Amino acid sequence: MKAVIVGAQGQLGRELLATRPPRVECVAASRADLDITVLSEVLEFVQSRQPDLLINCAAYTAVDGAELKPDLALAVNADGVGNLAKAAGLARARVIHVSTDYVFDGAAQTPYPSDAETHPLGVYGHSKLAGEMRLQALLPVNSVIVRTAWLYSRFGGNFVKTMLRLMNEREELAVVADQTGSPTWARGLAQMLWTLAARPQLHGIFHWTDRGQCSWYQFASEIYKQGRALGIIKRKLKFYEITSAEYRRAAVRPAYSVLDCSRSRELLDLPGEPWQQQLRAMLEDMARHA
């Protein structure tokens, strides 16, 4: 199988390349290689490489920035996905597209199944939902959407790496405690995507995160605990809980965005790992590459 990884320099793209199955040939497409907002460029890129599969990790992910630049968010997260779908259709290639928990409004009190009603709160969520809809309209059978949440790895910028930096710089740290979700190591998601890639009969919407749920405050507390145990964090720190209202941001976040991944685990025969265990594995991986 020949796969094009779109957004190959992001944290998920790099984990996909690192976990590539032996019989898969990968073409890495970074932003410099391919501007997915330009249809002619996408058509030429895909046509010249003739892949069996496109895995789209490219996205405009600046949640607050999307409120200030809605046209850019829509160009990448909606138009770009539509362009990939058009090119894949002509090449008879399958598309696996990565989406987000932000397509939900956070009003639920139990995990969202993949067929739950969507209601995004901000521009970022709206743009990602628009991308989902365009993909399903253009490639209803030969595409898969995988929603995930709170993604991190040793690559790129993410919450874990930000917390590690701040915890080595400050004596006190305030973290939001009234938003609940599921942290997800990008490597685990990459492995799930490769499993999905090997099941061409599957299509539709899937959910995937690591097992369990927590608040950002609880996530930060576990990062501190494990970071201290591994010697990554060198100093003692005091934590304070704050509310979303106190931590003012341009975009409203869903208060509860836990995804129900039971269907994905059953269909793919993947048990999933607890988020605390995955965090430990990622921190150990980071320490090895320090």
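Being a predicted model, the structure only gives us computed values, none of them experimental.
- Residues Leu164 and Met286 are in side-chain contact: their nearest non-hydrogen atoms beyond the backbone lie under 4.5 Å apart.
- Put simply, Leu166 and Tyr224 are part of the same group of oily side chains (I, L, V, M, F, W, Y) that touch within less than 4.5 Å, one to the next.
- Following chains of ILVMFWY side-chain contacts shorter than 4.5 Å, one cannot reach Ile205 starting from Val103, and the two form parts of different hydrophobic clusters.
- The ring pair (Phe, Tyr, Trp, His ring centres under 6.0 Å) analysis of residues 6-38, with sequence neighbours excluded, yields no pairs.
- Taking each heavy atom of Asn158 and Gly156 in turn, the nearest pair found is ND2-O, 3.9 Å.
- Other residues sharing a hydrophobic cluster with Val141 under the 4.5 Å side-chain heavy-atom criterion for ILVMFWY residues do not exist; the residue is a singleton.
- By the salt bridge (Lys or Arg N to Asp or Glu O under 4.0 Å) test, Arg199 is found to be paired with no residue, residues two or more places apart in sequence or in another chain being considered.
- In this structure, Asn142 and Val95 have side chains that are not in contact, with every pair of non-hydrogen atoms separated by 4.5 Å or more.
- Under a 4.5 Å side-chain heavy-atom cut-off, the cluster of Ile, Leu, Val, Met, Phe, Trp and Tyr residues that includes Leu53 is completed by Met1, Ile5, Leu12, Leu16, Leu17, Val24, Ile55, Ile96, Val98, Val144, Val146, Leu151, Leu189, Met192, Leu193, Trp194, Leu196, Leu202, Phe206, Trp208, Leu267, Leu268, Leu270.
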Please tabulate, for the side chains in residues 72-81, all donor-acceptor contacts under 3.5 angstrom to protein atoms that are two or more places apart in sequence or on a different chain.
| residue | atom | partner | partner atom | Å |
| --- | --- | --- | --- | --- |
| Asn77 | OD1 | Tyr60 | N | 2.8 |
| Asn77 | ND2 | Tyr60 | O | 3.0 |
| Asn77 | ND2 | Ser127 | OG | 2.9 |
| Asp79 | OD1 | Arg134 | NH1 | 2.3 |
| Asp79 | OD1 | Arg134 | NH2 | 3.3 |

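- Using modelled atom types and a 3.5 Å distance limit, the side chains of Asp178 and Thr243 yield no donor-acceptor pair.
- Atom CD of Glu132 sits about 4.5 Å away from atom CD1 of Ile145, to the nearest 0.5 Å.
- Evaluation of the salt bridge (Lys or Arg N to Asp or Glu O under 4.0 Å) rule for Glu284 yields Arg280 as partners, not counting sequence neighbours.
- Between Cys26 and Arg20, the shortest heavy-atom distance links the atoms SG-CD, 3.4 Å.
- Under the 4.5 Å side-chain contact rule for hydrophobic residues, Leu173 and Leu283 share a cluster.
- In terms of heavy atoms, Lys236 sits closest to Arg228 at CG-NH2, 3.6 Å.
- In this structure a side-chain-to-backbone donor-acceptor pair under 3.5 Å is missing from Glu273 to Gln278.
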Could you check Asp101 against Arg253 for salt bridge (charged side-chain N to carboxylate O under 4.0 Å, His left out), going step by step and ending with a plain yes or no? CA-CA 10 Å; Asp101 57 328; Arg253 271 76 170 167; over 6 Å; no

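- Under the 4.5 angstrom side-chain criterion for Ile, Leu, Val, Met, Phe, Trp and Tyr, the cluster partners of Leu121 are Val252.
- The neighbour count for Lys69 NZ, taken as heavy atoms of other residues, nucleotides or ligands under 6.0 Å away, does not exceed 12.
- Here ring pair (Phe, Tyr, Trp, His ring centres under 6.0 Å) pairs that include residues 268-289, with residues two or more places apart or in two chains, are Phe219-Trp275.
- Looking at heavy atoms from C-beta onward, Lys2 lies in side-chain contact with Arg49 at the 4.5 angstrom threshold.
- Atom CZ of Arg165 is surrounded by more than 12 heavy atoms from other residues, nucleotides or ligands within 6.0 Å.
- The two residues Ser257 and Pro254 come nearest to each other via the heavy atoms CB-CG, 4.0 Å.
- Classification of the Trp150-Trp216 ring pair by plane angle, with boundaries at 30° and 60°, yields parallel.
- Closest approach of Pro51 to Leu54, counting heavy atoms only: CG-CD2, 3.9 Å.
- Counting only heavy atoms from C-beta outward, the side chains of Ser244 and Val176 approach each other to under 4.5 Å.
- Every residue meeting the salt bridge (Lys or Arg N to Asp or Glu O under 4.0 Å) condition with Asp285, not counting sequence neighbours, appears here in chain and number order: Arg154, Arg187, Arg288.
- Across every non-hydrogen atom of Val4 and Ala29, the tightest pair is CG1-CB, 4.2 Å.
- Panel note: side chain Gln226, backbone Gln276; a donor-acceptor pair is recorded below 3.5 Å.
- Side-chain atoms of Lys128 never come within 3.5 Å of backbone atoms of Arg147 as a donor-acceptor pair (strictly under, hydrogens ignored).
- Within a 6.0 Å radius of CE in Met133, other residues, nucleotides and ligands contribute 12 heavy atoms or fewer.
- Applying the ring pair (Phe, Tyr, Trp, His ring centres under 6.0 Å) rule to Tyr256 yields no partners; only residues at least two apart in sequence or on another chain are considered.
- Looking at heavy atoms from C-beta onward, Val38 lies out of side-chain contact with Phe45 at the 4.5 angstrom threshold.
- Annotation for Gln109: atom CD does not count as buried by contact number, only 12 or fewer foreign heavy atoms lying within 6.0 Å.
- To the nearest 0.5 Å, the span separating OG on Ser153 from CD on Glu15 amounts to 4.5 Å.
- A continuous path of hydrophobic side-chain contacts links Tyr217 to Met163 [ILVMFWY only; heavy atoms under 4.5 Å].
- In this structure Glu117 satisfies the side-chain contact (heavy atoms from CB on, under 4.5 Å) test with no other residue, sequence neighbours excluded.
- Glu67 contributes a side-chain N or O that, together with a main-chain N or O of Val123, makes up a donor-acceptor pair within less than 3.5 Å.
- Contact of the Gln50 side chain with the Gln47 side chain is registered, since non-hydrogen atoms from C-beta on lie closer than 4.5 Å.
- Within the 3.5 Å criterion, the main-chain N or O of His126 finds no donor-acceptor partner in the side chain of Tyr102.
- In this structure a side-chain-to-backbone donor-acceptor pair under 3.5 Å is missing from Ser143 to Gln136.
- One hydrophobic cluster holds both Ile232 and Trp185 under the rule that ILVMFWY side chains link at heavy-atom gaps under 4.5 Å.
- Atom CZ of Arg235 sits in a crowded spot, with more than 12 heavy atoms from other residues, nucleotides or ligands closer than 6.0 Å.
- Interatomic distance, Arg94 CZ to Leu139 CG, rounded to the nearest 0.5 Å: 11.0 Å.
- Within a 6.0 Å sphere centred on OH of Tyr247, other residues, nucleotides and ligands contribute 12 heavy atoms or fewer.
- For Arg211, there are no salt bridge (Lys or Arg N to Asp or Glu O under 4.0 Å) partners, not counting sequence neighbours.
- Atom CD of residue Glu169 and atom CG of residue Leu237 lie 11.0 Å apart, to the nearest 0.5 angstrom.
- A donor-acceptor pair under 3.5 Å is absent between the side-chain atoms of Ser99 and the main chain of His97, judged by distance alone.
- Annotation: the span from Gln9 atom CD to Phe155 atom CZ amounts to 9.5 Å, rounded to 0.5 Å.
- Taken from OG1 in Thr37 to CZ in Arg31, the straight-line distance is 10.5 Å, to the nearest 0.5 Å.
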